[in-house]
**Q** 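After the C-alpha cells below, expect a handful of questions from me.
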Amino acid sequence: MAASPKAETRGFETEAKQLLHLMIHSLYSNKEIFLRELISNASDAIDKLRFESLSSAEMLGEDTEFQVQVDCDKDANTITISDNGIGMNKKEVISNLGTIAKSGTAQFLESLTGDQQKDSQLIGQFGVGFYSSFIVADEVEVITRKAGTKTKKAILWRSKGESDYSIEDTTKETRGTTVILHLKAEEKEFSENFRVNSVIKKYADHISVPVKMEKASSPSEESEDSQGEVEYETINDANALWTRQRNKIKKAEHEEFYKHITHDFEGPLDWSHNKVEGKLEYTSLLYIPKRAPYDLWNRDAARGLKLYVQRVFIMDDAEQFLPLYLRFVKGVIDSNDISLNVSREILQKDPVVDSMRNALTKRALDLLLKMRTKKKELYNEFWEQFGQALKEGPAEDFANKEKIAKLLQFTTTESKNSKQEEGLDEYLERRKDDQDKIYYIVGESLKAAKTSPHLEIFRKKGIEVILLHDRIDEWLMGHLNEYDGKKFQDITRGELDLGKLDEGDDKKNQEKKEKKFVDLISRIKALLGERVKDVRLTHRLTDSPACLAIDDNDMGMQMRKIMEASGQSVPESKPIFEINPDHPLVVKLDGEADEELFEDIVAVLLGQANLGDGGELDDPSEFSAKLNKLLLKIN
Ligand code: ADP
C-alpha cells in the first residue's frame with residue numbers, strides 16, 4: 001500500500017533497523033509469539049484505560065465493555081487485532097512505535113553471538129513486543145485513537161519493517177488501537193480462523209479481558225444466513241490467573257502468564273502464588289526467571305511487580321514491594337488495602353506497603369529456600385544467574401541476613417568443580433568436631449584463591465575453606481559476621497588461631513620455634529623496615545617458605561583494587577611478612593653470615609609471598625636480578 005501524500009515518513013534509528021532484522025531472523029522458529037505480544041499490548045492498553053477511567057469516567061463514554069477482537073481475512077491475507085483500550089496520540093505513536101531502541105540496545109547488540117538458538121533467547125529477553133509482527137507480516141498498519149479524543153484525531157502508522165515508517169492523521173469511529181498485519185505470502189496460516197483460535201487460546205486464557213473471534217458457523221447456518229451479522233465468541237477464560245485457585249493452575253498456564261507480564265521468551269524457573277487474608281488482604285504471584293536480564297546490573301533499570309488494586313491494573317514496575325537485591329523477581333501483586341488512586345510517591349510512604357514489602361521479601365526468600373532444599377539442580381541454575389545480586393542482600397537487608405546467608409553458594413576446597421554449589425549448612429555439617437569458625441579466603445580469581453599458600457595448613461589438617469573470588473565477595477563478608485553461631489574467619493587475616501584444632505604438641509612446638517628464631521625475625525625486621533607492618537613466624541604454611549597476612553582491621557586486596565579502580569583514595573596498609581620456620585630456606589637464612597646473600601634471599605622470599613597471593617611485585621626487574629644472582633650460586 002503506498003503512503004498517501006499527507007503522510008509523513010520517518011526513519012527508525014540505525015540500531016532499531018539492526019534489531020528488527022535480527023529479531024525477524026532469530027525468532028522465525030517461534031513466529032506465533034507475535035500473537036502473544038499483540039494481545040498482551042491490547043490487554044495492557046485496556047488495563048491502562050480502566051485505571052485512568054477511575055478518575056475520569058467520561059473517557060469511557062458508552063463503550064464500557066472492554067474487549068480485544070481478532071479478525072482473520074483469508075482473502076486479503078490479513079490478521080487484525082483491535083482493542084478498545086487507551087489508544088495513542090501522535091506523539092505517543094512516534095515515541096512508542098518509532099523507537100525500538102530501549103536503553104542498552106547497543107550493548108545488547110554487542111552481546112549477540114551469531115548463534116541462532118542463543119540469540120533468540122537473548123532477543124526474547126530483550127522484549128520484542130510490537131515489532132514481532134514483522135516476523136510474519138511484510139506490512140503493518142496501526143490505526144489508533146486515544147481515549148477521550150475526537151474521531152478525527154486518530155493516527156495511521158504504517159511500516160514495512162525495513163528502514164522507515166509513515167504516519168498520518170486519519171479518522172476512527174471508536175477509541176483504542178487496531179493493528180492490521182498484511183501477512184507474508186508464506187504466512188497464510190495466520191489468516192485462518194481455526195489456526196489462530198487455538199494459538200490465542202493458549203496465549204490469552206489467563207488475561208482478564210475477553211478476547212473475541214468470529215464464531216465458527218456450521219455450514220447449514222452459513223448458507224441460510226450468509227448475509228447476516230458476524231457473530232463473535234469469547235475464546236479465552238478471561239479470568240486473571242492470580243485470582244484462580246492455586247492448585248487448579250497448570251504449569252503451562254503459569255508459563256504463559258509469566259511470558260505475558262515479563263515479555264520473556266522462556267518460562268520461569270519457579271514461582272510462589274499466595275493469597276493473604278487477615279489484617280492485610282492481597283494476592284501475590286512471584287516468579288523467578290530462568291535467565292538474568294541484560295540490564296541486571298543497571299541500577300536504573302525498571303524493576304518490581306505489576307500492581308493491581310482489587311483486580312484493576314494500577315502500574316507496572318512497582319519497585320516498592322521488594323528490596324533491590326531481589327530485583328530479578330517478577331510478578332503480580334493485587335491488594336485490597338491500597339487506594340485505587342495511589343501514585344508512586346504515595347506508595348513510597350504507605351505503611352501498608354512497608355508491611356507488604358516485608359512479607360513479600362520473606363515470601364521470595366522462602367521460595368528460594370524451598371528451591372534450594374527440594375530442587376537443588378534448579379537452584380544451581382538460579383545461583384549461576386542471580387547469585388551475585390543475592391550477595392548484595394546481607395548489606396541491604398539486615399533483618400533477613402541469616403536467611404539470605406542460608407541461600408549463599410560457594411566453591412570450597414572440597415568442591416569437585418569450579419561451580420558455586422556448596423552452602424553454609426553443608427559446610428557446617430562437614431566441619432571438624434572442634435571447629436568453631438567458618439574459614440574463607442578471598443582471591444583475585446578462583447585459581448588464585450585455590451592455590452594460595454595460606455591454604456597449606458588447612459589442607460594438612462583437612463579443614464574445609466570457602467574459596468571466594470567474585471568482585472563483591474570481600475564486601476559481602478564485611479557484612480556477614482557469623483552464621484548459625486559460628487564466626488567467619490578470613491584465613492589471611494591476623495594471627496592464625498585454629499583454636500582447638502591445633503593439637504597440644506603443635507602449640508608447644510610453635511612456642512619452641514618462636515624462641516629459636518627470635519634473632520632471625522629481628523634481623524629481617526631491621527632489613528625490611530617500613531616496607532612491612534611486621535615480621536613473624538607463621539604456622540599457616542607447610543610447603544612454602546613465606547606468605548603475607550593482612551592485619552585484622554586492614555582493607556583486603558580485592559576491596560583495595562575495587563576502590564582504586566573507582567578513583568577513591570584508599571588508606572595505606574602494609575602486609576605482615578610471615579616466614580615458615582620449617583622451610584630449609586628459612587633455616588638456612590637463620591645465622592647466614594653473608595649479609596648480601598641474606599638480603600637477596602629475604603627480597604626473593606618477600607617477592608614470592610606477594611606473588612603467592614596473586615599480588616604484584618613492586619620492582620619485577622630487581623626481583624629477577626636477585627633471583628638470578630642466587631641461581632648463579634648453585635654449583
Ligand atoms: P512493550 O509492550 O514491551 O512496552 P511494545 O514494542 O510491544 O513494547 O510496545 C511499545 C509501546 O507501544 C507500549 O509500551 C505501549 O505504550 C504502546 N502500545 C503498543 N500497543 C498498544 C496498544 N494496542 N494500545 C496502546 N498502546 C500500545
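Only a predicted model underlies this, so the values are computations on that prediction, with no experimental measurement involved. Side chains are part of it too, since the values below use all heavy atoms of this structure and drop only hydrogens, waters and symmetry mates. Start at 1 and go down the list; that is how both ligands and their atoms are numbered.
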**Q** Using atom types as modelled and distance alone, determine if a side-chain donor or acceptor of Asp337 lies under 3.5 Å from a backbone N or O of Leu280.
**A**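 No; zero donor-acceptor contacts below 3.5 Å.
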
**Q** Using a strict cut-off of 4.0 Å, indicate which atoms of ligand 1 neighbour a heavy atom of Thr177.
**A**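 Close to Thr177: 22 (C), 23 (N), 24 (N), 25 (C).
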
**Q** Taking side chain to side chain donor-acceptor pair (under 3.5 Å) as the definition, give me every residue that meets it alongside Asp397, ordered by chain and number, with sequence neighbours left out.
**A**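 Asp397 satisfies side chain to side chain donor-acceptor pair (under 3.5 Å) with Tyr325, Asn400 once adjacent residues are dropped.
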
**Q** Considering only heavy atoms of Ala45, which atoms of ligand 1 have at least one such atom less than 4.0 Å away?
**A**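 Reading through ligand 1 atom by atom, the close ones are 22 (C), 24 (N), 25 (C).
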
**Q** Do any N/O atoms on Tyr131 end up under 3.5 angstrom from N/O atoms on ligand 1?
**A**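 In this structure, Tyr131 places no N or O atom under 3.5 Å from an N or O of ligand 1.
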
**Q** Going by heavy-atom distance to atom 3 (O) of ligand 1, choose the closest among Lys48, Glu37, His263.
**A**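 Comparing heavy atoms across Lys48, Glu37, His263, the nearest one to atom 3 (O) of ligand 1 lies in His263.
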
**Q** Taking only Lys NZ, Arg NE, NH1 and NH2, and the carboxylate oxygens of Asp or Glu, determine whether Arg299 and Glu392 approach each other closer than 4.0 Å.
**A**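 Glu392 and Arg299: salt-bridged.
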
**Q** Does Asp44 pair with Lys48 as a salt bridge, N-O distance under 4.0 Å?
**A**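 A salt bridge is absent here (no side-chain N lies under 4.0 Å from a carboxylate O).
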
**Q** As a check for students: among Asn41, Ile39, Ile46, Leu38, identify the option with a heavy atom nearest to atom 19 (C) of ligand 1.
**A**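 The residue whose heavy atom sits nearest atom 19 (C) of ligand 1 is Asn41.
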
**Q** Considering both backbone and side-chain atoms of Phe130, is one of its nitrogen or oxygen atoms within less than 3.5 Å of a nitrogen or oxygen in ligand 1?
**A**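 Phe130 vs ligand 1: N/O contact under 3.5 Å present.
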
**Q** How does Asp83 reach ligand 1, by side chain, by backbone, by both or by neither, if only non-hydrogen atoms under 4.0 Å count?
**A**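 For Asp83, only side-chain atoms sit under 4.0 Å from ligand 1.
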
**Q** Considering only residues two or more places apart or on different chains, which pairs with a residue in residues 312-322 satisfy side-chain hydrogen bond (donor to acceptor under 3.5 Å, both in side chains)?
**A**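 Of all non-adjacent pairs touching residues 312-322, those that pass side-chain hydrogen bond (donor to acceptor under 3.5 Å, both in side chains) are Lys306-Asp316, Glu319-Arg344.
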
**Q** So, is the end of the Arg363 side chain (NZ or CZ) under 6.0 Å from the ring centre of Trp271 and within 45° of the ring's axis?
**A**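 Verdict for Trp271: no cation-pi partner in Arg363.
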
